[in-house]
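Naming convention: chains lettered A, B, ... in sequence-line order (proteins, then strands); numbering from 1 in each chain.
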There are 2 protein chains.
Amino acid sequence: MAAHFSTKDRILGAAEELFAQYGFAGTSLRQVTSRADVNIAAVNYHFGSKENLVNEVFRRRMDEMSERRLALLREAVARQPGELEPILAAFVEPALALAQDRHGGGAFIRVIARAYAEKNDGLRKFLSDRYGHVLREFAKAIAVCVPGLSKEELYWRLDFLAGALTYAMADFGLIKRPAGVSEAAHRQRAAQELIRFAAAGFKS
Amino acid sequence: MAAHFSTKDRILGAAEELFAQYGFAGTSLRQVTSRADVNIAAVNYHFGSKENLVNEVFRRRMDEMSERRLALLREAVARQPGELEPILAAFVEPALALAQDRHGGGAFIRVIARAYAEKNDGLRKFLSDRYGHVLREFAKAIAVCVPGLSKEELYWRLDFLAGALTYAMADFGLIKRPAGVSEAAHRQRAAQELIRFAAAGFKS
DNA sequence: GTCTATACAGTGATAGAC
DNA sequence: GTCTATCACTGTATAGAC
């Protein structure tokens with residue numbers, strides 16, 4: 001099994017690389033199938049549409065990241081109960097790490113941005129159905145640390161954190177990684193700054 | 001003059017409406033030119049490409065918003081010197097108002113999201129060249145309110161604010177506008193919550 | 001300059017043979 | 001499951017009319 005890749009897997013692999021490098025619009029299905037050494041019609045047979053292929057590439061990564069977030073969250077709550085910062089770190093770091101992953105990190109952040117860019121309610125519903133429980137877990141854990149906060153305020157602030165994090169993942173802001181600093185170090189810095197910023201926000 | 005619209009203006013108007021409603025990918029140039037009652041080739045004659053047309057639609061709105069931000073900033077600094085919250089309000093409110101504008105607000109937020117989604121360095125450079133001075137003005141004003149902050153920390157936090165704001169503009173998070181609340185009221189609430197969150201973050 | 005008719009290469013998708 | 005052939009449609013380019 002391990003040495004052999006099915007047509008479907010080859011398509012997914014090629015799509016992940018090409019999407020990350022050239023974006024969705026910039027990648028044609030013919031490029032994907034050519035790299036995967038597969039016939040053009042195989043994409044629609046296995047995935048139904050280009051959009052579905054995009055979502056599938058995305059889902060694989062998102063599942064991993066959600067698992068990692070929850071694992072770190074459990075660890076944080078067990079080791080440092082009542083402390084907010086480790087919880088925020090559990091939320092932030094897997095996302096930043098994924099965004100920097102060379103194989104597909106670019107594609108990942110692009111799917112999120114695309115969900116903004118199109119008013120794609122289907123994708124939004126998919127996200128909230130499949131990963132809503134992760135956010136609820138974090139909300140519960142944060143509520144313990146900041147007991148004065150109303151549920152509404154808590155969710156507003158989680159949204160703000162998610163937004164700031166998404167921006168940071170896309171490397172979109174004013175802050176550019178200086179030439180002398182490694183990607184990993186820059187990411188570490190971003191995480192640290194964001195956690196501090198958000199912690200103050202949650203506690204206000 | 002006022003009663004007559006040139007071919008170029010008609011294209012811009014039609015594009016703004018269609019982009020806001022169906023997104024970019026979802027709008028073909030033939031739809032645009034058909035609504036504007038103009039020949040398909042006119043788009044490339046006046047704008048060079050679809051991408052350029054998108055950017056032009058965007059620039060008109062962004063210019064207005066930047067003016068409004070700077071006006072409110074001057075007002076805030078003059079009336080309540082040394083106070084952080086009014087400065088943040090001057091940054092946040094014009095953006096949220098624009099995002100909710102029925103005529104083209106949706107298109108506006110989509111352009112930003114698209115700049116994320118594609119690694120569109122051209123658009124990024126355009127943004128920083130044309131609107132970088134606005135951010136620098138805000139940075140200067142905030143630095144007066146939070147004198148302990150290093151320049152680097154200040155810019156990190158401005159990025160986080162911009163990210164959270166973008167998310168809120170796209171109406172993307174967990175928080176949905178409840179049925180009984182008007183759009184204007186919901187926006188007011190979002191602004192108020194974000195300002196409070198960010199103010200605490202900047203002061204930390 | 002402004003605009004039009006037309007053509008072009010490339011796209012995602014699909015029907016039907018094997 | 002996989003292929004070929006074909007479809008309607010896309011953004012773009014150009015030659016030429018006014």
### Query
Centres of the B:Phe160 and A:Tyr167 rings: under 6.0 Å?
no
### Message
Taking only side-chain N and O atoms of B:His46, does any of them lie within less than 4.0 angstrom of OP1 or OP2 on C:dC3?
### Response
yes
### Query
At under 4.0 Å between heavy atoms, what does B:Thr27 touch on the DNA or RNA strands: base, sugar-phosphate, or nothing?
sugar-phosphate
### Query
Is the shortest side-chain N/O distance from A:Thr7 to OP1 or OP2 of D:dT2 below 4.0 Å?
yes
### Query
Whole Å only: how far is the CD atom of A:Gln31 from the C1' atom of C:dG10?
11 Å
## Note on the structure
note: B:Glu51, atom CD; D:dT10, atom C1'; distance rounded to Å ~ 16 Å
### Task
Can you label the angle between the B:Tyr131 ring and the B:Phe126 ring as parallel, tilted or perpendicular, going by 30° and 60°?
perpendicular
### Query
Between A:Tyr45 and A:Asn39, is any side-chain donor less than 3.5 angstrom from a side-chain acceptor?
no
### Task
Starting from P on C:dC8, measure out to CD1 on B:Ile40 and report it in whole angstrom.
17 Å
### Message
Looking at A:Glu64 and A:Arg69, is any side-chain nitrogen of the basic one under 4.0 Å from a carboxylate oxygen of the acidic one?
### Response
no
### Message
In whole Å, I'd like the distance from the CG atom of B:Asn52 to the P atom of D:dA13.
### Response
12 Å
### Query
Under the 3.5 Å rule, do the base of D:dG11 and the side chain of B:Arg30 count as making a donor-acceptor pair?
yes
### Query
Whole-Å distance between C:dT2 C1' and B:Ile11 CD1?
11 Å
### Query
Expressed in angstrom and rounded to an integer, what is the separation of B:Phe47 atom CZ from C:dC3 atom P?
11 Å
#### Entry: Side chains of A:Arg157 and A:Leu149 in contact at under 4.5 Å (non-hydrogen atoms)
yes
### Query
For the pair made of NZ in A:Lys50 and P in C:dG12, what is the distance, rounded to whole Å?
4 Å
### Task
Take atom CG of A:Leu29 and atom C1' of C:dT14, then tell me their distance rounded to the nearest Å.
13 Å
### Query
When you check the phosphate oxygens OP1 and OP2 of C:dA13, does a side-chain N or O of A:Asn44 lie under 4.0 Å from one of them?
yes
### Nearest listed nucleotide, side chain of A:Ala41, among C:dG12, D:dC3, D:dT2
D:dC3
### Query
Relative to the 5' end of DNA chain C, which residue comes earlier, A:Tyr45 or A:Ser28, by the nucleotide with the nearest heavy atom?
A:Ser28
